[in-house]
Amino acid sequence: MHALIVFAHPDSTSHTHAVAKQIAEGIASAGEEHTFELVDLAAEGFDPRFSAADYQQFKGQTVLPDDVIAEQQRINRADALVLVYPIYWWSFPAQLKGWIDRVFTQGWAYDERDGKLVKLLGHLPVHLIALGGADQRTYARYG
């Protein structure tokens, strides 16, 4: 099994980084047949902005940007996807949200056929590791 561990936090000493590395160590300790790739979106400088080029590709007017192709190739090599992130305003950090918006494109991650949504990555288990600083009561109160 090969896991792609993607995380987004600008501080390399953050809890997010520590958790991502701990997950990687756990995978490595499971044996030689288990591998991982750590993807630090902040350190790599991934641009999360959905640009005019991304929109043109969405409309079928151009090809995918090279950085998106590279990310899709990483996912194609994976047997599992692990997203590790702090919860910002009840959601993903903007950089991870932008990664999802740009990388999970129509025709690769999903498609529309006969007016129905078709999932193309259903074989890929996704694990969300959301790190929050509030207690369960707070999350329950705000949904």
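Values in this document were obtained by computation on a predicted structure and should not be read as measured data.
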(message) Do Leu124 and Leu128 land in one hydrophobic cluster if side-chain heavy atoms of ILVMFWY residues count as linked below 4.5 Å?
(response) yes

(request) Using a strict cut-off of less than 4.0 Å between a Lys/Arg side-chain nitrogen and an Asp/Glu carboxylate oxygen, indicate whether Asp111 and Lys119 qualify as a salt bridge. (result) no

(request) Nearest 0.5 Å please: distance from the CD atom of Glu44 over to the CG atom of Leu41. (result) 6.5 Å

(request) Check each of Leu64, Val68, Asn76 against Trp108 using the side-chain contact (heavy atoms from CB on, under 4.5 Å) test, and report the only one that passes. (result) Asn76

(message) Side chains of Pro93 and Pro86, heavy atoms from C-beta outward: is any pair under 4.5 Å?
(response) yes

(message) Treating Ser91 as the side-chain partner and Tyr88 as the backbone partner, does any N or O pair qualify as donor plus acceptor under 3.5 Å?
(response) no

(message) Check this for me: does any side-chain nitrogen of one of Asp47 and Arg49 sit under 4.0 Å from a carboxylate oxygen of the other?
(response) yes

(request) Spell out, yes or no, whether Leu81 and Ile23 are grouped together once hydrophobic residues are joined by side-chain heavy atoms under 4.5 Å, including indirect joins. (result) no

(request) Using a 4.5 Å cut-off on heavy atoms from C-beta on, say whether the side chain of Val84 contacts that of His127. (result) no

(message) So, taking the atom named CD in Glu112 and the one named CG in Leu117, what distance separates them when rounded to the nearest 0.5 Å?
(response) 7.5 Å

(request) Check Leu131, Val19, Leu38 against Phe7 for a side-chain contact (heavy atoms from CB on, under 4.5 Å) and give me the one that passes. (result) Leu38

(request) Report the distance from atom CD of Gln57 to atom OG of Ser51, rounding to the nearest 0.5 Å. (result) 10.0 Å

(message) Let me check something: do Val39 and Phe92 share a hydrophobic cluster, defined by ILVMFWY side-chain heavy atoms less than 4.5 Å apart, either directly or through other members?
(response) yes

(request) Work out which heavy atom in Thr62 is nearest to a heavy atom in Ala53; give both atom names and the distance. (result) CG2-O, 3.8 Å

(message) I'd like to know whether Phe36 forms a side chain to side chain contact (heavy atoms under 4.5 Å, CB included) with Leu4, so could you lay out the CA-CA distance, the side-chain angles of the two residues, the decisive distance to 0.1 Å, and finally the verdict.
(response) CA-CA 6 Å; Phe36 64 87; Leu4 184 66; over 6 Å; no

(message) Check this for me, if you would: do Glu37 and Arg77 make a salt bridge, where the nitrogen-to-carboxylate-oxygen distance has to be below 4.0 angstrom?
(response) yes

(request) List the steps, then state whether side chain to side chain donor-acceptor pair (under 3.5 Å) holds for Gln72 with Thr105. (result) CA-CA 9 Å; Gln72 289 178 347; Thr105 59; 2.9 Å; yes

(request) Enter the distance from Tyr110:OH to Leu120:CG here, rounded to the nearest 0.5 Å. (result) 10.0 Å

(request) Say whether, by atom type as modelled, one donor and one acceptor occur between the side chain of Asp114 and the main chain of Lys116 under 3.5 angstrom. (result) no

(request) Please check if atom CG in Asp11 has more than 12 non-hydrogen atoms from other residues, nucleotides or ligands closer than 6.0 Å. (result) yes

(message) Would you say that more than 12 heavy atoms from the other residues, nucleotides or ligands in this model lie under 6.0 Å from the OH of Tyr55, or not?
(response) no

(request) Would you mind telling me which of Leu96, Val82, Ile75 makes a side-chain contact (heavy atoms from CB on, under 4.5 Å) with Val6? (result) Leu96

(message) Could you go through Thr35 and Met1, starting from their C-alpha distance and side-chain angles, then the distance that decides it, and tell me whether this counts as side chain to side chain contact (heavy atoms under 4.5 Å, CB included)?
(response) CA-CA 6 Å; Thr35 60; Met1 183 209 56; over 6 Å; no

(message) With rounding to the nearest 0.5 angstrom, report the NE2 to CD distance, His17 to Gln22.
(response) 15.0 Å

(message) Could you check, using the six-membered ring where one of them is a Trp, whether Trp99 and Phe104 have ring centers closer than 6.0 angstrom?
(response) yes

(message) Return the CD1 to CG distance between Ile100 and Leu83, rounded to the nearest 0.5 Å.
(response) 5.5 Å

(message) Counting the benzene-type ring for Trp, do His9 and Tyr85 have ring centres under 6.0 Å apart?
(response) no

(request) Indicate the atoms forming the closest heavy-atom contact of Ala42 with Pro10, along with that distance. (result) CB-CA, 3.9 Å

(request) Would you sort out whether Lys97 and Arg102 count as a side chain to side chain contact (heavy atoms under 4.5 Å, CB included), showing the intermediate values? (result) CA-CA 9 Å; Lys97 173 70 167 76; Arg102 293 190 63 219; over 6 Å; no

(request) State, with a plain yes or no, whether a side-chain heavy atom of Asp54 is found less than 4.5 Å away from one of Pro65. (result) yes

